[in-house]
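Down below is the structure, laid out as structure tokens.
Below, all heavy atoms of this structure are taken into account, side chains as well, without hydrogens, waters or symmetry copies.
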Amino acid sequence: MFKRINVNLLLFNFCVHGRFPFVIYLQVFNAKTAELLSHHQVEIQQKFPKEGWVEQDPKEILKSVHECVERTCEKLQQLNIDITNIKAIGVSNQRETTVVWDKTTGEPLYNAIVWLDLRTQSTVERLLKRIPGKNKSFFKFRTGLPLSTYFSAVKLRWLLDNVEEIRQAVDDGRAMFGTIDSWLIWSLTGGKNGGVHCTDVTNASRTMLFNIHSLEWDPELCQFFDIPVEILPKVRSSSEIYGLMVCFLVYKSGALTGVPISGCLGDQSAALVGQMCFQDGQAKNTYGTGCFLLCNTGQKSVFSQHGLLTTIAYKLGRDKPVCYALEGSVAIAGAVVRWLRDNLGIVKTAQEVEKLAAEAGTSYGCYFVPAFSGLYAPYWEPSARGGIICLTLFKDMDFSAIKSQHMLFKILDAMNKDCGIPLNQLQVDGGMTNNKVLMQLQSDILCIPVVKPSMPETTALGAAMAAGAAEGVGIWSLNPGDLTAVTCERFEPQINPEESEFRYARWKKAVMKSMGWETSEAPSNGDTSIFCSLPLGFFIMSSMIMLIGAKFVSG
């Protein structure tokens, strides 16, 4: 007998998993209880063609989604849950990651350029020359964003300037642009055979082409970046039926077909919804590959005077009001752990970092600035690079890697000043929240409680809530009184504010030393530095050899 569960929710959620590889993962929720019924994940490859370049294969992403659906449905059958009870699909995705594809063939015209990719630094500098005073914030009051390598418009501009196949497809009227949500929704609703080309307001607000007040593509911004409006997706709310998923799987229990795709949120907005931050002043911080602090400012768009972004938090229905958020973005957080594992070989798993950091107990004054992709909020300095300051003979590297999350102090301070009301606690989610040493350190540095829900991957839950609440689906209530209470773990500050200020002052000194290292100009031979792929041990050994050689020469 099948369990007659009539409120299951199947959702695709594309994001960075807690163990820090890039993965597609799919989770199935019960819409009455928010219980996680089943899940599956598939790791996907990242490509690094040159220093600072980060790409992903859109076809591999889509293939992995299909695999996740198939495996998850098999798991549901093993649990005696009828897959015909799946009522809706939500999509959550990396924001800013840029894809262009051919609508006649369904084929991507280039790899997806990932959000933290740095190849567009020269594009940004060229565009800045066209702005009075080279003011990076010139478009801030339309877009909420500074001109930066981070956002989709400059990635798309680079593709149009450098990929002949894309230029030709645009000229022929065959090109479609989108972030990962657009690529997935178009592909899953039919692709070249009538797929729906759309995005939601949260993803659109991260392109630098979208007016966050009129909620439309801005003609003047499209003209400035020289991007044809025709290739852009239609912008919809975050919670409505976009289309029906086409049938590509058939099971003994029924066919997975005709299920509405009815929720779409950029990953950080999805986490805000999943953390149920629906009131003005409520904030969450997500620790994934990067670190993202969002504070709900309600229906008022607050513009930062301290380097933060103004972004759309969500619009949960076509006739619902749009809500805004202030955001502080840090490019590298969980990626630090992957760097310790893959480049230094210090650890084999993320869990080892917590153990070694706990054993060290302190960083002995060592500070690690993980500016591998430059510095985002509040500095917006692409020339910065990672640095390790004040190494000693003690075992301090693992603790200082955890301590590298000090950047959040600067962002929270900016957010408190911009909002005018200091946060009294911080809700957290993402894979790194499993590290209790980090969570306690965050509470100590911020001098406020840090609150972690029992299920840290709230991004998936937020997409599920948006999909289930959509008009025409109506199986998930977003009324505060109807929402299931979430059990939490709480970390209280254990140091005094004076000690916190002292630690942060030392951290700021380390940050300032990380700036000004890189320029957009390529080496004279046109190639990038080979040293980007070499482990730190290479440089340490090279330094030792040079020191020994100098001793023999002088002796």
Side-chain angles (χ1 to χ4, degrees), residues 9-14 24 26 42 44 56-73 83-84 86-93 97-112 152 156 159 163 165-200 203-204 217 228-251 253-264 318 463 467 470-473:
L9 199 84
L10 176 65
L11 72 132
F12 304 130
N13 185 30
F14 178 72
I24 303 291
L26 185 152
V42 177
I44 63 172
Q56 293 164 349
D57 182 353
K59 293 176 70 174
E60 183 185 1
I61 291 170
L62 184 60
K63 180 181 177 182
S64 298
V65 166
H66 288 186
E67 181 180 342
C68 277
V69 173
E70 187 172 353
R71 297 285 85 80
T72 303
C73 288
I83 67 166
T84 61
I86 294 168
K87 300 302 180 185
I89 298 167
V91 177
S92 174
N93 60 287
T97 297
T98 299
V99 188
V100 180
W101 66 95
D102 188 321
K103 66 182 179 182
T104 61
T105 65
E107 293 292 313
L109 296 169
Y110 194 81
N111 280 334
S152 304
L156 181 52
L159 288 168
V163 182
E165 192 174 359
I166 289 179
R167 283 199 298 269
Q168 189 61 54
V170 170
D171 291 342
D172 295 345
R174 295 180 286 110
M176 284 183 164
F177 154 80
T179 41
I180 295 298
D181 57 305
S182 297
W183 165 244
L184 289 181
I185 292 173
W186 183 81
S187 299
L188 295 172
T189 56
K192 62 182 180 180
N193 298 312
V196 177
H197 187 209
C198 70
T199 188
D200 90 302
N203 283 292
W217 299 119
V229 179
E230 295 75 22
I231 72 172
L232 305 180
K234 182 178 180 181
V235 182
R236 314 274 286 271
S237 76
S238 307
S239 178
E240 63 177 272
I241 295 176
Y242 312 111
L244 305 180
M245 189 167 78
V246 298
C247 177
F248 57 83
L249 296 168
V250 179
Y251 296 92
S253 59
L256 186 62
T257 184
V259 179
I261 301 177
S262 54
C264 179
R318 282 177 293 185
E471 183 180 354
V473 178

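For the atom pair CD1 of I261 and CE of M245, the computed distance is 6.5 Å after rounding to the nearest 0.5 Å. L159 contributes atom CG, which lies 11.5 Å from atom CD of E165 (distance to the nearest 0.5 angstrom).
Contact annotation: the side chain of L26 never approaches that of E70 to less than 4.5 Å [non-hydrogen atoms, C-beta and beyond]. By the 4.5 Å heavy-atom criterion applied to side chains, R236 and Y242 are counted as neighbours. Between I89 and P260 the shortest side-chain heavy-atom distance does not fall below 4.5 Å. Looking at N93 and L184, their side chains never come closer than 4.5 Å, going by heavy atoms from C-beta outward. The side-chain heavy atoms of N203 and C264, taken from C-beta on, include a pair separated by under 4.5 Å. In this structure, L188 and L62 have side chains that are in contact, with non-hydrogen atoms separated by less than 4.5 Å. Contact check for Q56 versus I61: side-chain heavy atoms found under the 4.5 Å cut-off.
The closest donor-acceptor contact from the side chain of W183 to the backbone of P58 lies under 3.5 Å. Not one N or O on the side chain of W217 forms a donor-acceptor pair closer than 3.5 Å with the backbone of V235. With hydrogens and angles ignored, the 3.5 Å screen pairs no side-chain donor or acceptor of K192 with any backbone N or O of S187. Proximity of a side-chain donor or acceptor of H197 to a complementary backbone N or O of K103 within less than 3.5 Å is not detected.
Within the structure, every pair that satisfies the salt bridge (Lys or Arg N to Asp or Glu O under 4.0 Å) test and touches residues 171-184, not counting sequence neighbours, is listed here: D102-R174, D172-R174.
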Item to check | CA sep, side-chain torsions, deciding dist, call: C198, I185, side chain to side chain contact (heavy atoms under 4.5 Å, CB included) | outcome: CA-CA 7 Å; C198 70; I185 292 173; 3.9 Å; yes
Checklist entry - After noting the C-alpha distance and the side-chain angles of Y110 and I166, does the key distance pass the side chain to side chain contact (heavy atoms under 4.5 Å, CB included) rule? => result CA-CA 8 Å; Y110 194 81; I166 289 179; 4.0 Å; yes
Next on the checklist: I'd like to know whether I241 forms a side chain to side chain contact (heavy atoms under 4.5 Å, CB included) with V473, so could you lay out the CA-CA distance, the side-chain angles of the two residues, the decisive distance to 0.1 Å, and finally the verdict.
Outcome noted: CA-CA 8 Å; I241 295 176; V473 178; 4.2 Å; yes
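Among all heavy-atom pairs drawn from S262 and A467, the shortest one is OG-O, 2.9 Å. When all heavy atoms are compared, the tightest approach of L109 to A169 is CD1-CB, 3.5 Å. When every heavy atom of T179 is checked against every heavy atom of S152, the shortest pair comes out as CG2-OG, 3.8 Å. Contact between E60 and I44 at its shortest, heavy atoms only, is OE2-CA, 3.4 Å. A pairwise comparison of heavy atoms in F177 and P233 identifies O-CD, 3.3 Å as the closest pair. Considering every non-hydrogen atom in both S238 and D200, the closest pair reads OG-OD2, 2.7 Å.
With sequence neighbours excluded, no residue forms a side chain to side chain donor-acceptor pair (under 3.5 Å) with T105. E107 meets the side chain to side chain donor-acceptor pair (under 3.5 Å) test with K59; sequence neighbours excluded. Residues satisfying the side chain to side chain donor-acceptor pair (under 3.5 Å) test with R167, not counting sequence neighbours, are E164. Take W186 and apply the ring pair (Phe, Tyr, Trp, His ring centres under 6.0 Å) test, not counting sequence neighbours, and it matches W101. In this structure S237 satisfies the side chain to side chain donor-acceptor pair (under 3.5 Å) test together with E240, sequence neighbours excluded.
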